[in-house]
Chemist: 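This is the structure I have questions about; it appears just below.
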Amino acid sequence: MIYRFLLLVLVGVIVVLIYTGIRGRTPPIVQPIAYNHKLHIDNGLNCSDCHQGIGTSSPSAGRPSIRTCSTCHDPSSPLGKSPEEAKLLEFIRNDREPPWKRIYRVPDYVYFSHYRHATLGKIGCDTCHGKVEGLTEPPPRPLVRFSMDWCIACHKKNQVSVDCNRCHK
(Lines give C-alpha, C1' and ligand atoms only; values in the text may rest on other atoms or scores of the structure.)
Protein backbone atom coordinates (compact mmCIF):
# COMPACT_ATOMS: atom_id res chain seq x y z
CA MET A 1 0.00 0.00 0.00
CA ILE A 2 2.78 2.47 0.92
CA TYR A 3 4.53 1.70 -2.39
CA ARG A 4 1.43 2.64 -4.36
CA PHE A 5 1.20 5.90 -2.44
CA LEU A 6 4.89 6.69 -3.05
CA LEU A 7 4.49 5.81 -6.73
CA LEU A 8 1.46 8.09 -6.97
CA VAL A 9 3.41 10.94 -5.31
CA LEU A 10 6.36 10.38 -7.65
CA VAL A 11 4.09 10.46 -10.73
CA GLY A 12 2.47 13.65 -9.39
CA VAL A 13 5.85 15.34 -8.93
CA ILE A 14 6.90 14.36 -12.46
CA VAL A 15 3.66 15.74 -13.94
CA VAL A 16 4.11 19.03 -12.05
CA LEU A 17 7.72 19.32 -13.22
CA ILE A 18 6.71 18.69 -16.83
CA TYR A 19 3.93 21.30 -16.73
CA THR A 20 6.00 23.94 -14.92
CA GLY A 21 9.06 23.32 -17.04
CA ILE A 22 11.48 20.73 -15.78
CA ARG A 23 14.37 22.91 -16.96
CA GLY A 24 12.98 26.06 -15.40
CA ARG A 25 11.44 27.31 -18.64
CA THR A 26 8.36 29.37 -18.32
CA PRO A 27 5.44 28.93 -20.70
CA PRO A 28 5.79 30.95 -23.90
CA ILE A 29 4.52 34.52 -23.81
CA VAL A 30 1.83 35.09 -26.42
CA GLN A 31 1.12 38.67 -27.45
CA PRO A 32 -2.36 39.86 -28.50
CA ILE A 33 -0.96 40.81 -31.92
CA ALA A 34 1.85 38.93 -33.66
CA TYR A 35 3.80 42.13 -34.22
CA ASN A 36 6.33 41.95 -37.07
CA HIS A 37 9.39 43.92 -35.95
CA LYS A 38 11.27 43.21 -39.19
CA LEU A 39 8.50 44.66 -41.38
CA HIS A 40 8.43 47.87 -39.34
CA ILE A 41 12.24 48.23 -39.23
CA ASP A 42 12.40 47.55 -43.01
CA ASN A 43 9.90 50.42 -43.44
CA GLY A 44 12.22 52.87 -41.68
CA LEU A 45 11.06 52.78 -38.05
CA ASN A 46 13.49 52.69 -35.13
CA CYS A 47 12.97 51.06 -31.73
CA SER A 48 12.37 54.47 -30.13
CA ASP A 49 9.54 55.29 -32.57
CA CYS A 50 7.31 52.79 -30.76
CA HIS A 51 9.11 52.25 -27.44
CA GLN A 52 9.05 55.87 -26.41
CA GLY A 53 10.50 55.37 -22.92
CA ILE A 54 13.94 54.70 -24.41
CA GLY A 55 14.93 58.37 -24.55
CA THR A 56 13.55 59.23 -21.11
CA SER A 57 14.58 58.48 -17.56
CA SER A 58 11.82 55.86 -17.42
CA PRO A 59 13.06 52.47 -16.20
CA SER A 60 10.91 50.87 -18.91
CA ALA A 61 11.17 51.43 -22.65
CA GLY A 62 7.42 50.95 -22.66
CA ARG A 63 5.11 49.09 -24.92
CA PRO A 64 3.55 51.03 -27.78
CA SER A 65 0.23 52.70 -27.05
CA ILE A 66 -2.68 52.50 -29.46
CA ARG A 67 -2.14 56.22 -30.10
CA THR A 68 1.40 55.48 -31.27
CA CYS A 69 0.14 52.75 -33.63
CA SER A 70 -2.61 54.97 -34.99
CA THR A 71 -0.06 57.52 -36.25
CA CYS A 72 0.57 55.07 -39.13
CA HIS A 73 -2.42 52.72 -39.02
CA ASP A 74 -5.87 54.06 -39.91
CA PRO A 75 -8.92 51.78 -39.64
CA SER A 76 -10.45 53.42 -42.73
CA SER A 77 -7.48 52.53 -44.94
CA PRO A 78 -5.52 49.42 -43.91
CA LEU A 79 -1.94 49.25 -45.14
CA GLY A 80 -2.29 45.58 -46.09
CA LYS A 81 -4.40 42.46 -45.67
CA SER A 82 -2.65 41.03 -42.63
CA PRO A 83 -4.91 39.44 -40.00
CA GLU A 84 -2.58 40.95 -37.40
CA GLU A 85 -3.13 44.46 -38.76
CA ALA A 86 -6.88 43.73 -38.69
CA LYS A 87 -6.57 42.95 -34.96
CA LEU A 88 -4.67 46.20 -34.43
CA LEU A 89 -7.25 48.21 -36.36
CA GLU A 90 -9.98 46.73 -34.18
CA PHE A 91 -8.14 47.96 -31.06
CA ILE A 92 -7.82 51.40 -32.68
CA ARG A 93 -11.52 51.49 -33.65
CA ASN A 94 -12.52 50.62 -30.09
CA ASP A 95 -9.92 52.96 -28.56
CA ARG A 96 -8.60 50.06 -26.48
CA GLU A 97 -4.99 49.31 -25.63
CA PRO A 98 -3.76 45.88 -26.74
CA PRO A 99 -2.96 43.88 -23.61
CA TRP A 100 0.75 43.59 -24.43
CA LYS A 101 2.60 41.22 -22.13
CA ARG A 102 5.92 42.23 -20.69
CA ILE A 103 8.85 40.06 -21.76
CA TYR A 104 11.84 41.64 -20.01
CA ARG A 105 11.91 42.34 -16.28
CA VAL A 106 14.47 43.40 -13.75
CA PRO A 107 13.89 42.78 -10.05
CA ASP A 108 12.08 45.51 -8.10
CA TYR A 109 15.24 46.29 -6.11
CA VAL A 110 17.17 47.12 -9.30
CA TYR A 111 17.03 50.59 -10.83
CA PHE A 112 17.54 50.57 -14.60
CA SER A 113 17.46 53.60 -16.88
CA HIS A 114 17.07 53.12 -20.63
CA TYR A 115 18.13 56.74 -21.02
CA ARG A 116 21.45 56.14 -19.25
CA HIS A 117 22.18 53.00 -21.23
CA ALA A 118 20.70 53.65 -24.69
CA THR A 119 20.95 57.43 -25.01
CA LEU A 120 23.97 58.43 -22.90
CA GLY A 121 25.83 55.10 -23.16
CA LYS A 122 24.90 54.60 -26.82
CA ILE A 123 24.32 50.89 -26.19
CA GLY A 124 22.26 49.29 -28.96
CA CYS A 125 18.93 47.74 -28.03
CA ASP A 126 20.12 44.34 -29.29
CA THR A 127 22.82 44.21 -26.61
CA CYS A 128 20.18 43.56 -23.94
CA HIS A 129 17.17 42.51 -26.01
CA GLY A 130 18.75 40.37 -28.74
CA LYS A 131 18.17 40.67 -32.48
CA VAL A 132 14.51 41.67 -32.19
CA GLU A 133 14.67 43.81 -35.34
CA GLY A 134 14.85 40.66 -37.48
CA LEU A 135 11.84 38.92 -35.89
CA THR A 136 8.65 38.49 -37.88
CA GLU A 137 6.68 37.68 -34.73
CA PRO A 138 7.14 38.52 -31.05
CA PRO A 139 9.63 36.44 -29.08
CA PRO A 140 7.93 33.90 -26.80
CA ARG A 141 10.47 34.58 -24.06
CA PRO A 142 13.44 36.87 -23.46
CA LEU A 143 16.18 36.48 -26.05
CA VAL A 144 18.78 37.55 -23.48
CA ARG A 145 18.87 36.32 -19.88
CA PHE A 146 19.92 39.01 -17.43
CA SER A 147 21.90 38.32 -14.29
CA MET A 148 24.00 40.50 -12.02
CA ASP A 149 27.16 38.83 -13.35
CA TRP A 150 26.04 39.62 -16.92
CA CYS A 151 25.46 43.30 -16.05
CA ILE A 152 28.74 43.61 -14.10
CA ALA A 153 30.68 42.08 -17.01
CA CYS A 154 29.15 44.67 -19.37
CA HIS A 155 29.92 47.53 -16.96
CA LYS A 156 33.54 46.37 -16.61
CA LYS A 157 33.91 45.93 -20.38
CA ASN A 158 32.61 49.46 -20.95
CA GLN A 159 34.61 50.87 -18.02
CA VAL A 160 31.61 52.27 -16.16
CA SER A 161 30.78 52.18 -12.47
CA VAL A 162 30.24 48.89 -10.71
CA ASP A 163 29.21 50.69 -7.50
CA CYS A 164 26.33 48.64 -6.05
CA ASN A 165 24.37 51.76 -5.07
CA ARG A 166 24.12 52.90 -8.70
CA CYS A 167 21.70 50.08 -9.55
CA HIS A 168 20.48 48.77 -6.21
CA LYS A 169 18.17 51.33 -4.60
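Start at 1 with the first residue, then count along the sequence.
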Chemist: Grab the two heavy atoms, one from Ile33 and one from Phe91, that are nearest each other, plus how far apart they are.
Modeler: CD1-CD1, 3.9 Å
Chemist: Starting from the C-alpha separation in whole Å, work towards a yes-or-no answer on salt bridge (charged side-chain N to carboxylate O under 4.0 Å, His left out) for Arg93 and Glu90.
Modeler: CA-CA 5 Å; Arg93 265 188 222 92; Glu90 192 61 29; 2.9 Å; yes
Chemist: Checking Tyr104 side chain against His129 main chain: does a donor-acceptor pair fall under 3.5 Å?
Modeler: yes
Chemist: With sequence neighbours left out, write down each residue that passes side chain to side chain contact (heavy atoms under 4.5 Å, CB included) with Gln31, or none if nothing qualifies.
Modeler: Ile29, Trp100, Lys101, Ile103, Pro138
Chemist: Tell me if the centroids of the rings in Tyr111 and His168 come within less than 6.0 Å of each other.
Modeler: no
Chemist: Please, which pairs that meet salt bridge (charged side-chain N to carboxylate O under 4.0 Å, His left out) have at least one residue in residues 116-134, sequence neighbours excluded?
Modeler: Asp126-Lys131
Chemist: Looking at every non-hydrogen atom in both residues, tell me the closest pair between Gly55 and Tyr115 and how far apart they are.
Modeler: O-CD1, 3.3 Å
Chemist: Going from OG on Ser161 to NZ on Lys156, what distance comes out if it is rounded to the nearest 0.5 angstrom?
Modeler: 11.5 Å
Chemist: When you check the side-chain N and O atoms of Ser48 and Asn46, is any donor under 3.5 Å from an acceptor?
Modeler: no
Chemist: Using a 4.5 Å cut-off on heavy atoms from C-beta on, say whether the side chain of Cys125 contacts that of Ile54.
Modeler: yes
Chemist: Check Asn94, Asp95, Leu89 against Ile92 for a side chain to side chain contact (heavy atoms under 4.5 Å, CB included) and give me the one that passes.
Modeler: Leu89
Chemist: Counting only heavy atoms not in Lys38, do more than 12 sit closer than 6.0 Å to its NZ atom?
Modeler: no
Chemist: Short question: side chain of His51, backbone of Gly62 - any donor-acceptor pair under 3.5 Å?
Modeler: yes
